[in-house]
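Encoded as structure tokens, the structure appears first; notes follow it.
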Amino acid sequence: METSFIIAKFGGTSVADYPSMVNSANIVIANSNVKVVVLSASAGVTNLLVALAEGRDADVRSQHIAKIQSIQYNILEQLPENPELRNEIDKIIANIASLSEAASLATSPALTDELVSHGEMMSSKLFVEILKEKQKNATWFDVRKVLRTDNKFGKATPKIEDIKQLCCAHLKSLNNQGIIVTQGFIGSENSGKTTTLGRGGSDYTAALLGEALNATQIDIWTDVSGIYTNDPRITPAAKRIDEISFAEATEMATFGAKVLHPATLVPAVRSNIPVFVGSSKAPQEGGTIVYNTNSITSKLPTFRALALRRKQTLLTLTSLNMLHAQGFLANVFKILAEHNISVDLVTTSEVSIALTIDTTGTNTNGSSLLTKELFNELSKVCNVTVEEDLALIAIIGNNLTSTKGIPKEVFGVLDDFIIRLCCYGASTHNICLLAKSNDAESIIKILHKTIFEQ
Ligand code: ADP
Ligand code: ASP
Ligand code: MG
């Protein structure tokens with residue numbers, strides 16, 4: 001029989017303070033199949049580090065550093081006196097201070113990644129001690145030894161084969177060293193410089209390591225008891241989904257359900273590893289299991305969930321040359337690709353293309369994607385208009401393109417709103433609407449009521 005091997009990831013709120021870390025440690029201890037633990041930085045720390053990396057004056061720097069120190073000291077001071085650990089945390093904080101000073105003189109994406117990596121370093125060092133305090137054998141591991149990426153600082157791409165080989169070389173030998181505690185979100189490029197996978201990237205780390213180590217399950221512990229029919233912060237009536245297919249959950253993550261980083265399910269789908277999502281504060285409530293459609297025991301519903309992605313920009317590209325011409329689309333997409341722009345929604349007419357671009361800046365350094373150079377190049381082949389302050393609402397489900405009455409059910413309740421663009425038909429799993437940012441939550445609430453609360 002195959003032995004179970006779980007990799008468990010705990011997000012920022014699950015390691016925010018001493019009581020949260022204890023809850024998370026109890027979850028790890030309660031299941032002897034949990035062999036590797038991936039941690040985020042304590043809640044709030046990454047935001048402070050990102051702000052420091054943007055370059056702040058001395059006063060603001062010391063305020064931010066004091067806040068970081070207080071978050072970590074509050075945990076440290078509840079542990080039995082441990083001069084070695086205190087010394088390590090102090091060294092990391094001193095390092096943050098000197099890198100922040102450097103960033104105030106000249107910042108760079110590489111420096112940003114180096115600086116923000118310190119959050120995960122501290123939370124993982126503290127967590128090891130919490131496990132040890134509970135008499136659990138645990139080993140701290142620097143994930144940068146195995147999580148190899150390219151050098152796109154701020155949103156690096158993992159190198160899957162390298163990660164597999166490095167995991168074999170460095171992690172498998174630690175088999176008898178108790179629970180391995182490591183960092184999410186960070187990695188390293190070929191020359192050893194620290195990189196990051198983009199904000200919220202720890203989920204992705206857990207999936208990448210799970211795949212490389214042949215885990216039988218990836219557990220994502222967060223502050224909600226699973227994946228809901230919508231973000232429960234927006235729709236308190238949202239219901240927990242007990243089991244969901246990879247295809248549906250991937251659509252949700254892609255279209256903004258923050259509970260999973262958009263790339264998390266890619267390794268899980270590729271290697272067919274089930275993913276569990278639950279709350280570290282209430283593990284007894286159970287959670288959501290995401291797996292292959294064949295494993296789903298209940299009927300796949302027509303409507304599964306709603307997701308919202310803010311900060312969308314719509315580009316409308318118009319060219320009379322497009323009339324009866326070939327190659328215009330290819331031209332435009334070539335330019336977009338050369339500028340590393342990934343397009344979400346596309347609609348076309350005879351002489352124009354409308355497309356949306358996500359500007360939420362999931363990369364760590366938050367740099368703008370829409371550069372002057374991009375506009376210059378596009379302007380050579382077409383007229384460009386830009387509309388901002390839009391939001392993408394995704395309706396996720398099954399057989400949406402082969403079920404009668406779907407458009408009426410969706411649009412029938414949206415009389416009071418302007419729907420700027422709609423994508424329907426490319427996927428059987430989603431309908432995407434683009435609306436004004438200010439209308440987005442109202443639209444979500446009405447759709448949720450109609451679809452899920454009747
Ligand atoms: P973590 O720090 O643990 O990674 P996140 O804040 O990144 O946690 O993700 C959890 C949050 O995701 C929840 O608090 C919830 O507000 C949000 N969320 C968005 N969409 C959904 C959804 N469909 N189901 C559950 N949570 C969702
Ligand atoms: N600490 C990182 C962030 O806040 C990564 C993560 O939590 O997943 O974005
Ligand atoms: Mg997250």
Side-chain angles (χ1 to χ4, degrees), residues 200 220 222-262 265 277-279 282 285-290 296 298-312 344-345 356 358 360 389-401 403-454:
I220 305 286
T222 179
D223 59 358
V224 266
S225 299
I227 302 180
Y228 282 61
T229 47
N230 183 229
D231 186 341
R233 284 181 217 223
I234 299 177
T235 323
K239 297 185 190 89
R240 213 251 310 283
I241 302 163
D242 292 337
E243 52 168 11
I244 184 169
S245 70
F246 279 136
E248 297 165 292
T250 303
E251 297 274 351
M252 289 184 73
T254 308
F255 289 117
K258 191 184 167 223
V259 65
L260 290 178
H261 176 276
L265 294 173
V277 181
S279 162
E285 287 178 6
T288 300
I289 185 90
V290 189
I296 303 259
S298 48
K299 186 175 170 285
L300 290 170
T302 307
F303 293 110
R304 179 62 97 180
L306 301 172
L308 170 62
R309 223 158 88 179
R310 299 174 200 274
K311 290 201 182 161
Q312 301 294 301
D344 289 324
L345 306 183
T356 64
D358 185 352
T360 40
D389 278 333
L390 295 163
L392 192 165
I393 295 141
I395 300 147
I396 292 133
N398 296 285
N399 305 318
L400 293 172
T401 48
T403 307
K404 286 182 184 165
I406 301 280
K408 187 172 169 204
E409 188 156 2
V410 170
F411 287 101
V413 292
L414 300 180
D415 274 355
D416 291 338
F417 304 98
I418 291 170
I419 303 301
R420 178 61 189 82
L421 181 144
C422 163
C423 281
Y424 177 36
S427 158
T428 63
H429 289 294
N430 75 57
I431 301 172
C432 289
L433 310 175
L434 198 67
K436 288 185 183 145
S437 278
N438 286 343
D439 287 341
E441 289 202 5
S442 308
I443 293 177
I444 289 266
K445 284 184 177 139
I446 288 181
L447 284 174
H448 197 275
K449 216 180 185 98
T450 321
I451 298 175
F452 299 106
E453 296 171 43
Q454 304 291 338

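- In terms of the side chain to side chain contact (heavy atoms under 4.5 Å, CB included) criterion, residue partners of Thr401 (sequence neighbours excluded) are, by chain and number, Tyr424, Thr428.
- Note: Ile443 CD1 to Ile393 CD1 = 4.0 Å, rounded to the nearest 0.5 Å.
- Asp389 meets the side-chain hydrogen bond (donor to acceptor under 3.5 Å, both in side chains) test with no other residue; sequence neighbours excluded.
- The salt bridge (charged side-chain N to carboxylate O under 4.0 Å, His left out) contacts involving residues 222-247 comprise Asp223-Arg233, Arg240-Asp242, where partners must be two or more places apart or lie in separate chains.
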Check the pair Leu433, Leu414 against side chain to side chain contact (heavy atoms under 4.5 Å, CB included), reporting the backbone distance first and the verdict last. CA-CA 11 Å; Leu433 310 175; Leu414 300 180; 3.8 Å; yes
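- Nearest heavy-atom pair, Ala307 versus Ala257, reported as atom, atom and distance to 0.1 Å: CB-N, 4.2 Å.
- Shortest non-hydrogen contact noted between Ser245 and Val290 is O-CG1, 3.9 Å.
- Partners of Ser225 under the side-chain hydrogen bond (donor to acceptor under 3.5 Å, both in side chains) rule, at least two apart in sequence or in another chain, are Glu285.
- Annotation: side chain of Leu306 is not in contact with side chain of Thr235 (no heavy-atom distance under 4.5 Å).
- One finds the OG1 atom of Thr302 at 14.0 Å from the CD1 atom of Ile396 (value rounded to the nearest 0.5 Å).
- Here the CG-CZ distance, from Asn398 to Phe303, works out to 10.5 Å after rounding to the nearest 0.5 Å.
- Minimum interatomic distance between Leu345 and Cys423 (heavy atoms only, all atoms of both residues): CB-SG, 3.7 Å.
- Taking OG1 of Thr250 as the start and CZ of Phe255 as the end, the distance is 11.0 Å to the nearest 0.5 Å.
- Here side-chain hydrogen bond (donor to acceptor under 3.5 Å, both in side chains) pairs that include residues 405-422, with residues two or more places apart or in two chains, are Glu387-Arg420.
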Go through Ile234 and Leu308 one step at a time and tell me if the side chain to side chain contact (heavy atoms under 4.5 Å, CB included) criterion holds. CA-CA 10 Å; Ile234 299 177; Leu308 170 62; 3.7 Å; yes
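- Annotation: the span from Ile227 atom CD1 to Met252 atom CE amounts to 6.0 Å, rounded to 0.5 Å.
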Could you tabulate the donor-acceptor pairs under 3.5 Å formed by side-chain atoms of residues 445-454, not counting sequence neighbours?
{"from": "His448", "atom 1": "ND1", "to": "Glu453", "atom 2": "OE2", "distance (Å)": "2.7"}
{"from": "His448", "atom 1": "NE2", "to": "Thr229", "atom 2": "OG1", "distance (Å)": "2.7"}
{"from": "Thr450", "atom 1": "OG1", "to": "Ile446", "atom 2": "O", "distance (Å)": "2.7"}
{"from": "Gln454", "atom 1": "NE2", "to": "Lys449", "atom 2": "O", "distance (Å)": "3.1"}

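- Shown here are the side chain to side chain contact (heavy atoms under 4.5 Å, CB included) partners of Ala253, two or more places apart in sequence or in another chain: Leu260.
- Applying the salt bridge (charged side-chain N to carboxylate O under 4.0 Å, His left out) test to every pair with at least one member in residues 430-444, sequence neighbours left out, gives these pairs: Arg310-Glu441.
- Within the structure, ring pair (Phe, Tyr, Trp, His ring centres under 6.0 Å) pairs that include any residue of residues 223-244 do not occur (at least two apart or interchain).
- Under the salt bridge (Lys or Arg N to Asp or Glu O under 4.0 Å) criterion, Glu251 pairs with no residue at all, not counting sequence neighbours.
- Residues passing the side-chain hydrogen bond (donor to acceptor under 3.5 Å, both in side chains) test with Asp344, sequence neighbours excluded: Arg309.
- Partners of Asn399 according to the side-chain hydrogen bond (donor to acceptor under 3.5 Å, both in side chains) rule, which considers only residues two or more places apart in sequence or in another chain, do not exist here.
- The two residues Val413 and Val410 have their closest heavy-atom pair at CG2-O, 3.4 Å.
- Taking CG of Leu400 as the reference point, atom OG of Ser427 lies at 7.5 Å (rounded to 0.5 Å).
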